[in-house]
Each structure stands twice: as C-alpha cells, then as structure tokens.
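Just so it is clear, the model here is predicted, and its values are computed rather than measured. As a basis for the values below, the full set of heavy atoms in this structure was taken, side chains included, without hydrogen atoms, waters or symmetry mates.
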Amino acid sequence: IILVRANSQPFGVVSIALDDANDDALILVGDMDRAIRFALSRSAGLFGQLRMFYSTAIVNANNQPITPTSSVLKDPTGFVMMDEGTTSTVVDLAVFSDIIIPLNASITVSLKNVTVVGSLASLAAVGRLP
C-alpha cells in the first residue's frame, strides 16, 4: 500500500505506475527492437508542465549493481516532459538488440527530480481588494 499524505503542490504527486495486468512497473516490449516500458502517473494537482528526471540500475536480488546499465540500455538516464493537465505518460527505454539481460536481474527506475517548467505565478489570479 502506498500512502500519499495531503499535497499542497499545485503540480501534483508523480509516481511510477504499476501495470494492471501483472502488477509490474516495468514491461519488456518488442521482439527485435526491444524496449523496457514504464508509466508515470500524476495525481492531486495537474497545474504546470513538468520535467521528470529518471535513472536506471540493473541489480541482483540483494539490490547490488551487477552490470553497467549503459551496456544494456541505450539511454539509462534521461528526462520526460508531462504537459499541464496530463495525468499519465509512457516512457520506452531502448535495449541494445544483442544484449541478454542476466538471469535473476531486476531493472529499477528511480525518479530523481521533478521540476515545474516555467513559473506557476501565471496560474494565480490577480486582483485588488476594495
């Protein structure tokens, strides 16, 4: 269970969404042009365009790195943009076609930083008190 406390940020709460079909956050898609797909969801506030930075790691059962991520994924770190009002987006991370992901390995994705692009000041109403 994930508990999200009350949110005072107008841009919302961003999380990595689980796949409804198999309760996994990462899915391997494609045959020859393989990619690892994950979804980001945004709730409790949809104001402003967001830039979300992520990083990846390939780890064993003890959460220890077992191989350099850059030898498996073409772009092991990066960012994705989410427009104002958008509640979710999908990210595909390309896997090198000649790579075999080691047995008992897990690929983790971490959100490192979420920033609002531009200023939220433009969202505020401006007025005068009588």
Side-chain angles (χ1 to χ4, degrees):
I1 297 175
I2 298 173
L3 176 65
V4 177
R5 302 207 183 280
N7 177 36
S8 63
Q9 301 298 330
F11 53 84
V13 176
V14 177
S15 62
I16 297 175
L18 294 178
D19 177 52
D20 292 334
N22 55 14
D23 288 337
D24 287 331
L26 302 176
I27 303 168
L28 186 63
V29 294
D31 292 324
M32 295 305 287
D33 293 325
R34 297 181 300 167
I36 295 172
R37 175 174 291 164
F38 66 96
L40 296 172
S41 89
R42 179 183 191 183
S43 59
L46 303 175
F47 296 109
Q49 183 183 41
L50 300 182
R51 179 182 296 129
M52 297 162 289
F53 293 87
Y54 62 85
S55 66
T56 59
I58 300 174
V59 297
N60 62 16
N62 297 326
N63 210 27
Q64 299 298 315
I66 58 175
T67 188
T69 309
S70 59
S71 67
V72 176
L73 299 175
K74 293 181 181 177
D75 295 311
T77 61
F79 70 91
V80 63
M81 302 293 289
M82 188 179 286
D83 289 332
E84 181 175 81
T86 303
T87 58
S88 65
T89 189
V90 173
V91 179
D92 285 341
L93 303 175
V95 177
F96 288 113
S97 60
D98 58 346
I99 293 297
I100 297 174
I101 298 172
L103 293 175
N104 298 322
S106 296
I107 298 177
T108 62
V109 175
S110 301
L111 288 177
K112 294 294 183 185
N113 192 12
V114 178
T115 58
V116 177
V117 178
S119 172
L120 288 177
S122 62
L123 300 173
V126 177
R128 268 187 312 164
L129 294 174

Search all heavy atoms of [X] against all heavy atoms of [Y] and return the closest pair with its distance.
X: Ala105; Y: Ile58; answer: CB-CG2, 4.0 Å
X: Leu50; Y: Val117; answer: C-CG2, 4.2 Å
X: Lys112; Y: Ser55; answer: CE-OG, 2.9 Å
X: Ser41; Y: Ala17; answer: CB-CB, 4.2 Å
X: Ala35; Y: Asp92; answer: CB-CB, 4.2 Å
X: Val95; Y: Lys74; answer: O-CE, 4.2 Å

Could you tell me the separation between the [atom1] atom of [X] and the [atom2] atom of [Y], rounded to the nearest 0.5 Å?
X: Leu111; Y: Ile16; atom1: CG; atom2: CD1; result: 4.5 Å
X: Glu84; Y: Arg42; atom1: CD; atom2: CZ; result: 7.5 Å
X: Arg51; Y: Met81; atom1: CZ; atom2: CE; result: 4.5 Å
X: Phe38; Y: Thr108; atom1: CZ; atom2: OG1; result: 10.5 Å
X: Asp83; Y: Thr89; atom1: CG; atom2: OG1; result: 8.5 Å

> Taking the six-membered ring for Trp, are Phe79 and Phe53 parallel (under 30°), tilted (30 to 60°) or perpendicular (over 60°)?
Replying inline: tilted

> Do Leu93 and Asp75 come within less than 4.5 Å of each other through their side chains, counting heavy atoms only?
Replying inline: no

Is it possible for you to say whether [X] and [Y] belong to one hydrophobic cluster, with membership spreading through side-chain heavy-atom contacts below 4.5 Å?
X: Tyr54; Y: Val116; value: yes
X: Ile66; Y: Ile36; value: yes
X: Phe96; Y: Leu73; value: yes

>> Test your reading of the model: is there a side-chain donor-acceptor pair from Asn60 to the backbone of Asn62, 3.5 Å cut-off?
In response: yes

